[in-house]
Amino acid sequence: MSDQMFKVTIDNKTIEVPPGTTILNAARMIGPEVAPPAMCYYSKLKESGGKCRTCLVEVSKGSEKDPRPMPKLVASCRTTVMDGMEVKNFTSPKVVEARKGIVEMLLINHPLDCPVCDQAGECHLQDLSYEHGTEETRYDFNRRTFEKEDLGPYVQLHMNRCILCYRCVFTANQLTGKREHGVLERGDHAEISTLLGKSLESEFIGNIIDVCPVGALTDKTFRFKNRVWFTKPVDAHRDCPTCSGKARLWMRGEEVFRVTARKDQWGEVEDWICNTCRFEKKETKDWVVEGPSEISRASVISQGHYAGNVGTEKPQVFIDKIIGKQPKLLLDIHSISDVNKKGVTLSKIDGPAHSDDFGLKNK
Amino acid sequence: MGVKLLLEHANVEGIRYYDTYRRVGGYRAAEKALKMSTADVVEEVKKSGLRGRGGAGFPTGMKWSFLAKPEGVPRHLVCNADESEPGTFKDRYLMEFLPHLLIEGLLISSYALGSNHTYIYIRGEYAWIVDILNQAIAEAKNNGWLGKNILGTGFDCEIYVHRGAGAYICGEETALIESLEGKRGNPRMKPPFPAIQGLWMRPTVVNNVETLAAVVPILNMGGDEYAKIGVGKSTGTKLLSACGNINKPGVYEIDMTIPVEEFIYSDEYCGGIPKGKRLKACIPGGSSVPIVPANLLFKTAKGETRYMNYESLSDGGFATGTMMGSGGFIVLDEDQCIVRNTMTLARFYNHESCGQCSPCREGTGWMYKILKNIEYGKGKMSDIDLLWGIQKTIDGTTICPLGDAAAWPVAAAIRHFRDEFEWHINNPDESQKHNFGLAHYADPRPVPAAV
């Protein structure tokens, strides 16, 4: 490998990357402000990407040698950079427009059942439609639905929510010994399924829940138990003979509701974990707790728990900083709401929160 | 009378069989080619200016020269016989009646590209043609044209016929390769192109049946001679499968110098429109290419005569032109409803989308539903703009050209026949009973006296 680096400019920010890097990864190296969204690409899975088309970017200059622009928008997750390439992502109206259209298409058959979906709060499709979509849809037909299918004791499949990113297929291919599920049928009735109702029981199959960008694959042991923003993520590890044992516990009080792998800034799993860690070790005593997980202050998961907990910045400082940058939650609920008072920690309340808990009874 | 190169002997009785084919001069080109060096054969094809006959019209010689030739890695030639474009049936004719022409072309091309294992990926519905091809392959093998050490040159070649399972998407070259490997027929992301990593990650060339058959006359007459036929960059002859409202539907070989008008009205070709009706529109290259109204079909926007060749048909871009495509020439007379026609095409693409990338998977179904509403009298005026918006999102954002192919017919129908869509929406009851008139896109020729 030569040590020559390729210079690439994305949204007027220049970076030098090794040859073979994709545009998307180069953009991620620069930072989240230029990184295109990705629903199907997963850096840890070979062959993934290219399917959802949300990461389309405009290449306004092909390379130093061949400065012609590329005629079509290209999928940044599968296009490698050339030296001197200039890419337009958020600065290109064409890209913004195309992405809007694609988000709309991804949503036309999505059930939008977020209120009852376990993924809500950590759903990439929610983030995507919030950041890149439009407020309303022009689709007024019945949504496509699928027959319910049982995939065994661990994984719950909601095919209606699936966006066919193929991540779970690649995960099962590359991580487990035998892939039992795949995509059947074609076109808009393509579905994730197993042939003849097999159940998914491979030792690492739980990871398909983590890679799923939407709520199509959820944890059966956590189903309807809690909302993710009510639970508190804690990094913990255990001595596991099969996997790294590095996991994230989602707790409320002392109770462990859910165990997932740790995810990085891009929502990608850092270390795969095994089914035993994920589904069976649901006691605090099974784990060595390291401390609260770093969750972006802008994430909905932070709400209700982390006032002053994460990072060193005061909420107000943070709000000033993020206003105007399209944060996921514009304002800190604590500072504006009469109901959700800062002094009250939701996770310490037994049962559902009530107006009593906020001292509003006599008002 | 035009030049006939491919269908020259199509009417000879028993041409399907080896003896007859050989008697009328078959395998002469193969004999000649196997004595040449491989580079010379590629050079002949390059000189001929032959363009891919599958639809995209990419120069074949150039495609061949892109083939990577790493040491010790086998290369493959794959013949794309997955002809499923609505309106196109020229490959079927070639394979059914002149199987040896294809095999000879395959042999020459395999030799030129160094492919020892060559595949014919045939459309699943062409079940009986598989037998015809297999019989022809066996005959060729018995006579020493396939197998080991062909004609003592040391070149080995085997041809295998593989039947698809009835998916239009497998006509896309990378989906075809996936399907041939035994996987789900999803198109691959490019790059890498098949010429670098194709079938089993080996360098592969995928060519249409007609392209490979055309290699035979090229070798017979020489690339330079072949290039003299036709006009400009549209060299040689092209098979057209004419269908729709014409008197003589069928497969015709043209030399790309005749005007579109002649092709439709001359007795040598389509023989005009039945019952003296007037021409409304035409889809000249298979269902994917934009539809053009009669007034833009005979003359380009600049007022020049439009000819049946790659350049002339695409003159004016998509605004006023169309494409040569795969040569599926569909003629619509004054009684045809454009909305219904577009709906049928949208249904086809909805059904055939592989479901891999989101704009095509979701968008094709959406377009079909809207068109169905309009056709059955439940449309809204805003639907037309919505359709336009959807096709724009699909066009150019998908992995493979199926998305574009689904978007173009809808775009062209709205572009040229918007008033017909509006009429459908404004007159939901009437539109169920009869068709919109010919108003301003009509064929300028007068209505003939009652027939």
Side-chain angles (χ1 to χ4, degrees), chain A residues 22 39-41 47-58 70-75 77-80 94-95 97-110 125 128 134 137-144 162-166 169 182-192, chain B residues 165-170 174-175 183-192 347-370 372-373 378 380 382-383 385-404 406-407:
Chain A
T22 59
M39 297 297 287
C40 64
Y41 173 75
E47 295 175 40
S48 68
K51 300 188 184 349
C52 68
R53 318 307 283 178
T54 56
C55 69
L56 291 177
V57 291
E58 183 185 342
M70 291 194 186
K72 285 180 177 181
L73 302 181
V74 297
C77 62
R78 296 287 293 233
T79 312
T80 49
K94 227 164 104 189
V95 170
E97 196 53 40
R99 207 169 274 159
K100 248 184 215 165
I102 286 159
V103 174
E104 186 180 19
M105 299 237 174
L106 281 174
L107 288 173
I108 60 173
N109 279 311
H110 190 78
L125 191 57
L128 180 81
T134 46
T137 179
R138 296 171 291 176
Y139 188 76
D140 51 6
F141 299 93
N142 287 341
R143 281 162 205 273
R144 172 187 65 219
C162 181
I163 58 162
L164 285 170
C165 67
Y166 284 64
V169 178
V183 179
L184 304 187
E185 304 286 335
R186 69 166 181 234
D188 56 7
H189 47 282
E191 59 175 320
I192 299 285
Chain B
Y168 173 66
I169 188 64
C170 290
T174 53
K183 300 181 197 151
R184 187 184 158 80
N186 276 357
R188 288 181 188 168
M189 253 65 70
K190 293 183 217 169
R347 183 178 59 204
F348 173 78
Y349 289 110
N350 176 30
H351 184 251
E352 296 295 346
S353 166
C354 78
Q356 191 179 205
C357 52
S358 27
C360 171
R361 177 183 67 231
E362 310 291 352
T364 50
W366 194 2
M367 289 198 299
Y368 169 51
K369 284 178 186 164
I370 294 172
K372 203 160 79 177
N373 266 0
K378 284 177 253 163
K380 295 191 291 286
S382 61
D383 283 348
D385 288 332
L386 180 55
L387 268 179
W388 186 263
I390 300 170
Q391 69 82 14
K392 241 171 106 187
T393 305
I394 302 176
D395 189 7
T397 60
T398 54
I399 297 172
C400 80
L402 191 137
D404 304 344

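A note on names: the letters A, B, ... follow the listed sequences, proteins ahead of strands, and every chain is numbered from 1.
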Side-chain contact, heavy-atom cut-off 4.5 Å: [X] with [Y]?
{"X": "Lys380(B)", "Y": "Asp140(A)", "answer": "yes"}
{"X": "Asn350(B)", "Y": "Asp188(A)", "answer": "yes"}
{"X": "Leu107(A)", "Y": "Glu362(B)", "answer": "no"}

Nearest non-hydrogen partners of Tyr166(A) and Arg184(B), listed with the distance: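 Closest approach of Tyr166(A) to Arg184(B), heavy atoms only: OH-NE, 3.3 Å.
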Shortest non-hydrogen contact between Cys52(A) and Pro359(B), atoms and distance: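 So the minimum-distance heavy-atom pair works out to O-CD, 4.4 Å.
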Among [options], which residue forms the greatest number of heavy-atom pairs with chain B at distances under 4.5 Å?
{"options": "Met105(A), Arg78(A), Arg138(A)", "answer": "Met105(A)"}
{"options": "His189(A), Met39(A), Glu104(A)", "answer": "Glu104(A)"}
{"options": "Gly182(A), Gly50(A), Gly49(A), Ala98(A)", "answer": "Gly50(A)"}

In terms of heavy-atom proximity below 4.5 Å to chain B, should [X] be classed as side chain, backbone, both, or neither?
{"X": "Val183(A)", "value": "both"}
{"X": "Glu185(A)", "value": "backbone"}
{"X": "Leu184(A)", "value": "backbone"}
{"X": "Leu56(A)", "value": "side chain"}
{"X": "Tyr139(A)", "value": "both"}

Side-chain (Arg186(A)) to main-chain (His351(B)) donor-acceptor, under 3.5 angstrom: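 Yes.
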Side chain to side chain contact (heavy atoms under 4.5 Å, CB included) partner of Ser358(B), the single match among Leu106(A), Ile108(A), Asn109(A), Ile163(A):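 Testing Ser358(B) for a side chain to side chain contact (heavy atoms under 4.5 Å, CB included) against Leu106(A), Ile108(A), Asn109(A), Ile163(A) leaves exactly one candidate, Leu106(A).
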CA sep, side-chain torsions, deciding dist, call: Lys100(A), Thr393(B), side chain to side chain contact (heavy atoms under 4.5 Å, CB included): CA-CA 9 Å; Lys100(A) 248 184 215 165; Thr393(B) 305; over 6 Å; no
When Ile370(B), Ile394(B), Ile169(B) are compared by non-hydrogen pairs under 4.5 Å with chain A, the top option: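 Heavy-atom pairs under 4.5 Å are most numerous for Ile370(B).
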Over 12 foreign heavy atoms within 6.0 Å of NZ, Lys190(B):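 Counting other residues, nucleotides and ligands, NZ of Lys190(B) exceeds 12 neighbours.
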Against chain A, label [X] side chain, backbone, both or neither, depending on which of its atoms sit under 4.5 Å from a heavy atom there.
{"X": "Lys372(B)", "answer": "neither"}
{"X": "Asp395(B)", "answer": "neither"}
{"X": "Ile390(B)", "answer": "both"}
{"X": "Thr398(B)", "answer": "backbone"}

Derivation of the side chain to side chain contact (heavy atoms under 4.5 Å, CB included) call for Lys51(A) and Met189(B): CA-CA 9 Å; Lys51(A) 300 188 184 349; Met189(B) 253 65 70; 3.9 Å; yes
NZ/NE/NH1/NH2 to OD/OE distance under 4.0 Å, Lys72(A) and Asp404(B):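 The answer is yes: the pair qualifies as a salt bridge.
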